[in-house]
Amino acid sequence: MAYPDYMKELIKKVADTRNKRVEDSRQGISFPRLSLEAGEELLKKYHPDYRENAKRALAVGKNRGDRIPNELADILESYGHLDPVLFSPGEPDFSTDVLVIGGGGAGSTAALFAASEGARVLLVTKLRHGDANTMMAEGGIQAADKPADSPSAHFIDTMGGGHFTNSPGLVSALVADAPGIISWLEQLGVMFDKEEDGTMLTLHGGGTSKKRMHSAGDMTGAEIMRTLRDEIRNTKGIDVVEFSPAVELLLDEAGRCAGAVLKNLETGRILTVRSRTVIIATGGMGRLHLQGFPTTNHYGATADGIVLAYRAGAEFVFLDATQFHPTGVVYPEQNIGLLITEKVRGAGAQLLNIRGEQFVYPLEPRDIESSAIIRECSDHCSGIKTPTERYGVWLDSPMIEALKGKGFVEKNFPAKFRQFMRYGIDISKEPMLIYPTLHYQNGGMKITPDGETSVPNLFVAGEAAGGVHGRNRLMGNSLLDICVFGRRAGIAAAQMAGGSVAGSPGLHHLEKYYKELEERGILKGKGPVSPVLLPDYAGKIG
Ligand SMILES: Cc1cc2nc3c(=O)[nH]c(=O)nc-3n(C[C@H](O)[C@H](O)[C@H](O)COP(=O)(O)OP(=O)(O)OC[C@H]3O[C@@H](n4cnc5c(N)ncnc54)[C@H](O)[C@@H]3O)c2cc1C
């Protein structure tokens, strides 16, 4: 839908202030950054994570008492697809050394490195291999591999972005491995953007002190996922099973992870996998739509791995910390929630209110930036109302062309350009209307730098893990995290598989978990069946 006339009138105010803003930008004059104290104040007042009624204390399990989002508590305080008393694993349908659950970037990287250690690997995934948040990533991947940069600077930026709540050991691993990961991806065939002289093009992201974002247009994730998937197809020792989500983990009598139970989505058949070690790489939870927020996430992002591991007794950190990306589309309706990469602001686009005025430095960390937008649209009454009564602020993409020349937007943001053109909006000439969208799960399973969890023989990599980013992730650090910790978990799980002798796999842990639910008065049949596997939108649209 092209912008209606009243919005076109408002867009004139953006154009009115543009020349002055471009001039300031050329002279290095920017909207002032917030002090640490002012940022904290803004977060407390406006960030959705701080809304107390959006959370409750978890009633069961290792993290009992932790306040977490209601929607996540609902699926953790619930019963699963299997009855542990009636279920018997019997003869396994598959037997392997390393079972990888999840076919996104973390799972694929883990599978490749586990196979490189000589392990037999089975990768099972919910939809098609590559239907994943990784595929949708846009802006880029961070690594300090330029002479003027250093892993130490990357370390400080990452810790600062996470408000110094990150696990320093995990961040050290992240930044130290980063340059090697970029070389590995390039050797596999990822086509990164380059300068004229053939060196890597690197850009700024929010909260970074140096230009260290490596990209492939605005489709960096698709380029990485394409390459990893191809590599898996061409690697001996890795089998892939699609459309078969894991619905429960199997543990032996000693509490060691020994496989998983899958449910084939096409036939409904229950399948069992016996394995020496297991790596969970099931990604995030955007499709739980916390507080009713739209999301950038892919259809299968329903926190399944969290449910499975929690029932198995794994410990979690920062489950209450979610990331709202500041720039999600609000108009046209068909694009609601869709991500507009931070790279757009990195290239010079500014955020403006209904009067065409700036109200925040455009590259604050995401939580601060989101809070400023929410404030503008609520208390300051300076948001722009859409025909369906949503609110947003302008992201002045035409400013990029004023700074960098005609054609820059289409060339550098081809996916976004097309997504808006489909509805008659040319983002090189008209700004985009945006509002924060549910984007990323900052917390997850507690891990060691090798991806080990508190459950023996169970590893985790990627968005399902917690601690690397503390309470807030910086842009470009997740594509990095999935490769760094995918690699580490893959190698460690393969090595452990070599010496591991698991007993008989079963669902004793589930019996125990259900008993705890009953003791807290949570009875079967009351809440959702989890893992939910796919979001249920029936009757909720319109
Ligand atoms: C639109 C968008 C843009 C982004 N842009 C960037 C960016 O520019 N830079 C950056 O660093 N990060 C970015 N991110 C974040 C980053 O892409 C993700 O955090 C990261 O790719 C997650 O990788 P993952 O492998 O952990 O999870 P995913 O890539 O989501 O993979 C998880 C896989 O597990 C499967 N799965 C789920 N449940 C089950 C189950 N029960 N059984 C079996 N399989 C299951 C899923 O189907 C999926 O295949 C972006 C995210 C989104 C959504």
Side-chain angles (χ1 to χ4, degrees), residues 81 99-110 123-143 203 205 213-225 228-229 240-249 260-263 265 273 279-287 295-309 323 325 327-329 337-343 346 366 415 437-442 444 460-465 468-469 473-483 485-486 489 530-534:
H81 298 252
L99 168 65
V100 178
I101 305 176
S108 302
T109 305
L123 183 149
V124 300
T125 194
K126 178 155 46 179
L127 302 164
R128 294 167 303 179
H129 183 192
D131 285 336
N133 279 354
T134 303
M135 186 65 104
M136 300 167 78
E138 300 181 359
I141 172 168
Q142 287 205 45
L203 299 167
M213 189 74 57
H214 302 62
S215 54
D218 59 351
M219 293 180 260
T220 312
E223 176 60 9
I224 291 177
M225 195 68 240
L228 294 176
R229 206 171 45 183
V240 176
V241 177
E242 297 179 314
F243 295 107
S244 299
V247 292
E248 220 64 70
L249 292 174
V261 184
L262 319 178
K263 181 177 183 180
L265 290 182
V273 185
I279 303 174
I280 288 186
T282 48
M285 64 175 175
R287 290 281 162 175
T295 185
T296 58
N297 283 195
H298 85 112
Y299 205 58
T302 50
D304 298 359
I306 290 188
V307 174
L308 268 50
Q323 185 165 84
H325 196 288
T327 54
V329 177
L338 208 88
L339 181 84
I340 305 299
T341 169
E342 208 155 301
K343 241 177 110 183
R366 288 176 174 173
T437 176
L438 180 56
H439 186 53
Y440 186 78
Q441 167 193 304
N442 290 310
V460 62
E463 201 169 330
V468 183
H469 311 289
R473 172 178 70 87
L474 290 187
M475 181 211 174
N477 266 352
S478 176
L479 285 180
L480 177 61
D481 146 14
I482 64 177
C483 295
F485 293 100
S530 70
V532 292
L533 304 181
L534 295 171

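Both ligands and their constituent atoms are indexed starting at 1 by order of listing.
The minimum heavy-atom distance linking Q323 with R473 is given by the pair NE2-O, 2.7 Å. Contact record, V124 with S244: CB-O, 4.1 Å, taken as the closest heavy-atom pair. Contact between T341 and D218 at its shortest, heavy atoms only, is CG2-CB, 4.4 Å. When all heavy atoms of G286 and N297 are compared, the closest pair comes out as N-OD1, 2.9 Å. K126 and L533 get closest at one heavy-atom pair: NZ-O, 2.7 Å. Taking all atoms of both residues into account, the shortest heavy-atom contact from T296 to L339 is CG2-CB, 3.6 Å.
Using a 4.0 Å heavy-atom cutoff, P531 is absent from the residues neighbouring ligand 1. Under a 4.0 Å heavy-atom criterion, I101 is in contact with ligand 1. Under the 4.0 angstrom criterion for non-hydrogen atoms, G105 is in contact with ligand 1. Using a 4.0 Å heavy-atom cutoff, M135 is absent from the residues neighbouring ligand 1.
Considering backbone and side-chain atoms alike, G140 places an N or O below 3.5 Å from some N or O of ligand 1. Ligand 1 has no nitrogen or oxygen under 3.5 angstrom from a nitrogen or oxygen of R128. In terms of polar-atom proximity, Y440 is not counted as a contact of ligand 1, lacking any N or O under 3.5 Å from an N or O of the ligand.
For the pair R366/H325, a side-chain contact is recorded, criterion being any heavy-atom separation below 4.5 Å from C-beta on.
Among protein heavy atoms, atom 27 (O) of ligand 1 sits closest to G283 CA, 3.3 Å. The protein heavy-atom contact nearest to atom 14 (N) of ligand 1 is R473 NH2, 3.9 Å. Scanning all protein heavy atoms for the shortest distance to atom 13 (C) of ligand 1 gives A137 CB, 3.8 Å. Scanning the protein heavy atoms around atom 16 (C) of ligand 1, the nearest turns out to be S478 OG, 3.4 Å. Protein heavy atom in closest approach to atom 42 (N) of ligand 1: A246 N, 2.9 Å. Considering only non-hydrogen protein atoms, atom 25 (O) of ligand 1 sits nearest to A106 N, 2.9 Å. Of all protein heavy atoms, the one lying nearest to atom 26 (O) of ligand 1 is E463 N, 2.9 Å. Of the protein's non-hydrogen atoms, the one nearest atom 1 (C) of ligand 1 is M136 O, 3.5 Å.
With a 4.0 Å heavy-atom cut-off, ligand 1 is reached by the side chain of H298 but not by its N, CA, C or O. Under 4.0 Å from ligand 1, heavy atoms of L479 appear from its side chain as well as its backbone. Contact annotation: for T296 versus ligand 1, heavy atoms closer than 4.0 Å belong to both the backbone and the side chain. Residue A281 touches ligand 1 through its backbone alone, judged by heavy-atom distances below 4.0 Å. Proximity of Q323 to ligand 1, defined as any heavy-atom pair under 4.0 Å, is not found for any part of the residue. When non-hydrogen atoms are compared, ligand 1 lies under 4.0 Å from neither the backbone nor the side chain of T220. Residue L339 touches ligand 1 through its side chain alone, judged by heavy-atom distances below 4.0 Å. For H439, every heavy-atom contact with ligand 1 shorter than 4.0 Å involves the side chain, none the backbone.
Less than 4.0 angstrom separates some heavy atom of G476 from each of these atoms of ligand 1: 9 (N), 10 (C), 11 (O). Every atom of ligand 1 is numbered from 1 in the order shown, and the set under 4.0 Å from a heavy atom of G462 is 26 (O). Applying the 4.0 Å criterion to heavy atoms of G139 picks out, from ligand 1, the atoms 7 (C), 8 (O).
Within the 3.5 Å criterion, the main-chain N or O of A216 finds no donor-acceptor partner in the side chain of E223. Side-chain atoms of T302 never come within 3.5 Å of backbone atoms of R287 as a donor-acceptor pair (strictly under, hydrogens ignored). Side chain of T125 to backbone of G102: no donor-acceptor contact under 3.5 angstrom is found.
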side-chain hydrogen bond (donor to acceptor under 3.5 Å, both in side chains) assessment of D481 paired with H469: CA-CA 9 Å; D481 146 14; H469 311 289; 2.8 Å; yes
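Taking all heavy atoms of T134, L308, L338 into account, the minimum distance to atom 29 (O) of ligand 1 is reached by T134. The heavy atom nearest to atom 48 (C) of ligand 1, out of those in L265, D131, T341, is found in D131.
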